[in-house]
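Here is the naming used below: chain letters follow the sequence lines, and residue numbers restart at 1 for every chain.
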2 protein chains.
Amino acid sequence: MSQQRHGSTPGSGSGNVPAFPDLPEATIARLPEYLRALHNLGEGGSDTISSEGLAAAAGVNSAKLRKDLSHLGSYGTRGVGYDVALLIEQIEYVLGLDQRRAVCLVGVGNLGHALAGYDGFASRGFKIVALLDADEAKVGEVIHGLAVRHIDELAQVAVEESIAIGVIATPAGAAQAVADELVAAGVTSILNFAPCVLSVPANVDVRKVDLAIELQILSFHEHRKATLTALPGGRSATGAGNQEAVGS
Amino acid sequence: MSQQRHGSTPGSGSGNVPAFPDLPEATIARLPEYLRALHNLGEGGSDTISSEGLAAAAGVNSAKLRKDLSHLGSYGTRGVGYDVALLIEQIEYVLGLDQRRAVCLVGVGNLGHALAGYDGFASRGFKIVALLDADEAKVGEVIHGLAVRHIDELAQVAVEESIAIGVIATPAGAAQAVADELVAAGVTSILNFAPCVLSVPANVDVRKVDLAIELQILSFHEHRKATLTALPGGRSATGAGNQEAVGS
DNA sequence: AGGCGCTTGTGAAGGCGTGCACAAATCGCG
DNA sequence: CGCGATTTGTGCACGCCTTCACAAGCGCCT
């Protein structure tokens, strides 16, 4: 239930922001990777980059990369490649990173503590503006320059800081309640680190990251490799695909 | 591997472990989720569970779940459902979780510190047996009961503890070098938290988790929702898909 | 024993994503 | 000014995955 297909963006014509021709989810998931590669290249002094080069830096097939980029308009020059700076600008625009996004983090336990200090957020367009926890003992503690506030202040903080994205780093048992509170506070995107399924309204996006699951998937491949090497054929190596990247 | 199989391995014949008919990657990525849901149900006292119920608990379509489970043999009973305990055993066997797997963690910085103490690993079949770092200042530090050792000891530790899985939680700049060392030490599965592409031999599996990328994907959806609500139709809500779960 | 309701397992259809292969376009050079 | 080298953008085919829909199987009740 809930969950419905894109209505399709009507035939444009309205003349407004073109919004985006609905990009394939697979493409969206790769854009950040391209962006990171482009930033590296840019710092390296490159001015333009070929699809082949960028694809290598991002770890994907070059045809796939070209098709991905073609979805958001043609910003390459045949015979030359892509203008690094321009492409960065374009991708950041599409991803909505031209504005710094405020994020709140709920659950300052083991993992939450680390996330609060994770450089990668700040350096890539996000700013954690609030740390929240239900544990009174943790309230007031200053972590990486930010004081932990009580979860009850969520609604107030969310409005003050215009928070649209929330990160849940609580135990699984508390995650659904926190999610409900985030939604009530107007948050429409949630990154969930708790190992559980969240139930949210259809207009709220949830992405789940479960570290143990990643290891379990690797465990399967280990198991498979182990049984394969034990088999007659013997030829182990050359596993099927090996560089799996996360991202639905 | 593992002592008693419950009710006879279907295939039989050759007498050996049939290995697995190669499961679709998509299925493999979901098995851990099913497993988690099953454990919850088991603790809740449930003895059997229908595909509908388990699918709901795991956040997937019931037909998909049935097909996934059918790939690893038929362990359900028509008209009744699946035996929770039996299914747990089966999935754990397929994932290779019937043996506790030793993991080493390289990079005891902000994130690595948290991973070292993450309960989810221990409770789901993994044991971090070594913490490694290149920073001499960190060597010797005891984190969650385990002393940090210098990266140069990697090869030795890997052999001692039979480590097949390594976790990289270093800055991006050091990740490739660490990966090379892990591979040299015999590690064949790597979970990479550094924001960069790793180059490894074909027989080594790599899974990448980039926390900033997850946020950027959410940012895109925020951006899209924002532009949609600004459009004529006004009907905001009901975004396309909302409960995206990570996993390639 | 027989029938009825429930649930699994699966054939088939459709959609999505990937990758090849090539036409179109651009630049640089003679 | 034209030609060749290079690289983008994309039509097309293929394969994987998802989803529907239903037959087959199982237990229970009468």
Are Glu222(A) and Thr188(B) close enough that a side-chain donor and a side-chain acceptor fall under 3.5 Å? yes
In whole angstroms, the gap separating P of dT18(C) from CZ of Arg66(A) amounts to 14 Å
Whichever of Ala63(B) and Glu52(A) has the more 5' nearest nucleotide on DNA chain D, that residue is Glu52(A)
* **Donor + acceptor pair across side chains of Arg36(B), His39(B) (<3.5 Å)** => no
Give a yes/no answer on whether the side chain of Tyr75(A) brings an N or O atom under 4.0 Å of OP1 or OP2 in dT7(D). no
Atom NZ of Lys64(A) and atom P of dC20(C) are separated, to the nearest Å, by 11 Å
Is it true that the side chains of Ser189(B) and Asp205(B) contain a donor and an acceptor less than 3.5 Å apart?
no
From CG of Asp22(B) across to C1' of dC16(D) the rounded distance in Å is 12 Å
Distance criterion of 3.5 Å, no angle test: do you see the side chain of Lys67(A) paired donor-to-acceptor with the base of dG9(D)?
no
Checklist entry - Do the side-chain N or O atoms of Tyr82(B) get closer than 4.0 angstrom to the phosphate oxygens (OP1, OP2) of dG9(C)? => result yes
Atom CG of Leu69(B) and atom C1' of dT7(C) are separated, to the nearest Å, by 13 Å
Its contact letters, B for base, S for sugar-phosphate only and - for none at protein heavy atoms under 4.0 Å, make nucleotides 25-30 of chain C read BBS---
In whole angstroms, the gap separating C1' of dG17(C) from CG of Leu31(A) amounts to 15 Å
Between CG of Asn61(A) and P of dT8(D) the distance, given in whole Å, is 13 Å
Would you indicate whether the side-chain heavy atoms of Tyr93(A) and Leu72(A) approach each other to under 4.5 Å?
no
Nearest heavy-atom approach of Pro195(A) to Asp210(A) is CB-OD2, 3.3 Å
In short, Val187(B) meets Ile163(B) closest at the heavy-atom pair CG2-O, 4.0 Å
For the side chain of Glu52(A) and the backbone of Ser62(A), is there at least one donor-acceptor N/O pair under 3.5 Å apart?
-> no
Just wondering, more than 12 heavy atoms not from Glu181(B) lying within 6.0 Å of its CD?
yes
Assign each of Thr27(B) and Gly73(A) the nucleotide of DNA chain D bearing its closest heavy atom; nearer the 5' end lies the nucleotide of Gly73(A)
Next on the checklist: Between Phe121(B) and Leu215(A), does the side-chain contact (heavy atoms from CB on, under 4.5 Å) criterion hold? Intermediate values first, please.
Outcome noted: CA-CA 8 Å; Phe121(B) 291 157; Leu215(A) 279 187; 3.6 Å; yes
Between CG of Leu23(B) and C1' of dC16(D) the distance, given in whole Å, is 14 Å
Separation of dC16(C) atom P from Arg30(A) atom CZ, nearest Å, is 15 Å
Per the under-4.0 Å heavy-atom filter, residues of residues 44-51 of chain B near DNA chain D come out as none
